[in-house]
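Nothing here was measured: the structure is a model prediction, and the numbers come from that model.
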Amino acid sequence: MKSKILFIMHMPPPVHGAAMMGKYIHDSKLINEMFDCYYINLTTAKSLQDIGKGGIKKLWKFVCLLVRIVKSLLGIHPQMVYVTPNSHGGAFYKDFVVVELIKLLGYKVIVHYHNKGVATCQDKWLDDKLYRIFFKNIKVILLADALYQDVEKYVKRENVFICPNGIPESLDVEPTSERNNVIPQLLFLSNLLVDKGVLVLLDALKILKERGYSFVCNFVGGETAEIDAARFAEEVEKRGLNDMAIYLGKKYGVEKNEEYRKSDIFVFQSLNEAFPLVILEAMEFKLPIVASDVGGVTAEVQDRVNGLICEPGNTDAFVESISKLLDNSDLRKKMGEDGYKKFKEKFTLESFENRFAQTLQNEMGGQN
């Protein structure tokens, strides 16, 4: 008899990494065949701009979410409840209530972190008290070994599983690492947030322009309350980057793949990250990567093998790394090839599904 698992997790919309992984789990044939699965969407935000905002409507949605969770638990009686919580801030307080409610009703909980930030709040009196309660008697799934330091104050290493993300393969044939752009194309693909390093990259591009480099950097992603199209245009104008830093808006599917296909370098200068899926997408398209040393990024990008790793927020480091790749097309191709090989070996959706299902099975004690 299959074990029952209630999945309480983020699913799109809005579209972000944790929500996409939730969709992949929800749609997984392997996971749904191995376990008797039930799903509840933890998301209360309607859009990226809505994330982090309060209000009566969101409070009411949260109350309805709690009622649905209680009804599901009492109706299903799952052997385990899987939750994808936020690590800090107001969203953590909401998820704290969810997890403690589940524990209060006597159900086993495993939490899967797609973000980090516990360590940044653990010295606050209230957060410290809540974390001590929250992490008691639960197991934790992390995306990379490097992320353990974020929770090590509260979680013993033996209570942690490491399960890197993976993504669906979007190409029917192996891509080429050759690019024939007369003017090199750089690609940034993420939502427009300060924490994603948008302004750091614009500062680096300004310096590269001053040094005489020719390039076009395309920014693909959703507008946010922090940076919308109007503010982005202002920041570009301020740095004299018109016609060199271009905001293309959101792109999905074939249109997004075309941006990867035509680009020479993928740049990801995020200041706060766990395990960005866009880096895996860039690896599939044989793109060399310039990325910040944050979260589990170094599990994806090996410095000087399939990309170059920079200190977070260090504009000069990004300038030097990007210029190194702009100067050397052979290095770009070699790093792109190495990244593609690593992607195929470790980071396909099939690889993730196998790892994830095995993790759940191990925590269930082999029941099934």
Taking all atoms of both residues into account, what is the closest heavy-atom pair of [X] and [Y], and its distance?
| X | Y | value |
| --- | --- | --- |
| E259 | L248 | OE1-CD1, 3.6 Å |
| F347 | P164 | CE2-CB, 4.0 Å |
| L192 | Y247 | CD1-CE1, 3.6 Å |
| D264 | I183 | OD2-O, 4.4 Å |
| Y39 | I25 | OH-O, 3.6 Å |
| N115 | P85 | ND2-O, 3.5 Å |

Scan [range] for pairs that pass ring pair (Phe, Tyr, Trp, His ring centres under 6.0 Å), counting only residues two or more places apart or in two chains.
| range | answer |
| --- | --- |
| residues 318-341 | none |
| residues 69-90 | F7-Y82, Y82-H112, Y82-F356 |
| residues 162-195 | F188-F219 |

Non-neighbouring partners of R304 that pass side chain to side chain donor-acceptor pair (under 3.5 Å), sequence neighbours left out: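 For R304, no residue satisfies side chain to side chain donor-acceptor pair (under 3.5 Å) once neighbours in sequence are set aside.
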Side chain to side chain donor-acceptor pair (under 3.5 Å) involving T315 - partner list, sequence neighbours excluded: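 Per chain and number, T315 pairs via side chain to side chain donor-acceptor pair (under 3.5 Å) with no residue.
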F285/F266 aromatic ring centres below 6.0 Å: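 Ring centroids of F285 and F266 are no less than 6.0 Å from each other.
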Crowding at [atom1], [X] (>12 non-hydrogen neighbours, <6.0 Å):
| X | atom1 | value |
| --- | --- | --- |
| K206 | NZ | no |
| K341 | NZ | no |
| E350 | CD | no |
| K333 | NZ | yes |
| K256 | NZ | yes |
| D243 | CG | no |

Test ring-ring contact (aromatic ring centres under 6.0 Å, His included) applied to Y154 - qualifying residues, sequence neighbours left out: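 Result, ring-ring contact (aromatic ring centres under 6.0 Å, His included) vs Y154: Y131, F135.
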Supply the atom-to-atom distance [X] [atom1] to [Y] [atom2], rounded to the nearest 0.5 angstrom.
| X | Y | atom1 | atom2 | answer |
| --- | --- | --- | --- | --- |
| Y113 | S87 | OH | OG | 6.5 Å |
| K346 | R355 | NZ | CZ | 9.0 Å |
| I69 | L42 | CD1 | CG | 7.0 Å |

With sequence neighbours excluded, residues passing side chain to side chain contact (heavy atoms under 4.5 Å, CB included) with [X]:
| X | answer |
| --- | --- |
| K4 | D36, Y38, I76, P78, Q79 |
| E311 | N314 |
| N165 | M21, H114, L143, F275, L277, F352 |

Testing the 3.5 Å rule here: is there a donor-acceptor pair between the side chains of [X] and [Y]?
| X | Y | result |
| --- | --- | --- |
| E169 | T348 | no |
| E237 | N242 | yes |
| T224 | N191 | no |

Do the side chains of [X] and [Y] get close enough for a salt bridge, i.e. N-O under 4.0 angstrom?
| X | Y | answer |
| --- | --- | --- |
| K334 | D330 | no |
| E273 | K116 | no |
| E345 | K342 | no |
| E234 | R231 | no |
| D145 | R157 | yes |
| E363 | K108 | yes |
| K251 | E258 | no |

Candidates R239, K238, K209 - the one meeting salt bridge (Lys or Arg N to Asp or Glu O under 4.0 Å) with D203: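 That would be R239.
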Criterion side chain to side chain donor-acceptor pair (under 3.5 Å) on Q358 and N354, from CA distance to verdict: CA-CA 6 Å; Q358 189 60 55; N354 287 325; over 6 Å; no
Are any side-chain N or O atoms of [X] and backbone N or O atoms of [Y], one a donor and one an acceptor, separated by less than 3.5 Å?
| X | Y | answer |
| --- | --- | --- |
| Y260 | E281 | no |
| Q185 | K262 | no |
| N272 | D195 | no |

Of all pairs that satisfy salt bridge (charged side-chain N to carboxylate O under 4.0 Å, His left out), the ones with a partner from residues 68-79, not counting sequence neighbours: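 Passing the test, one end in residues 68-79: no pairs.
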Sequence neighbours excluded, every pair satisfying salt bridge (charged side-chain N to carboxylate O under 4.0 Å, His left out) that has a member inside residues 13-31: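 Every pair satisfying salt bridge (charged side-chain N to carboxylate O under 4.0 Å, His left out) with a residue in residues 13-31: K23-D27.
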Check: residues 290-298 side-chain donor-acceptor pairs under 3.5 Å, at least two apart:
{"from": "S292", "atom 1": "OG", "to": "Q269", "atom 2": "O", "distance (Å)": "3.3"}
{"from": "S292", "atom 1": "OG", "to": "S270", "atom 2": "O", "distance (Å)": "2.9"}

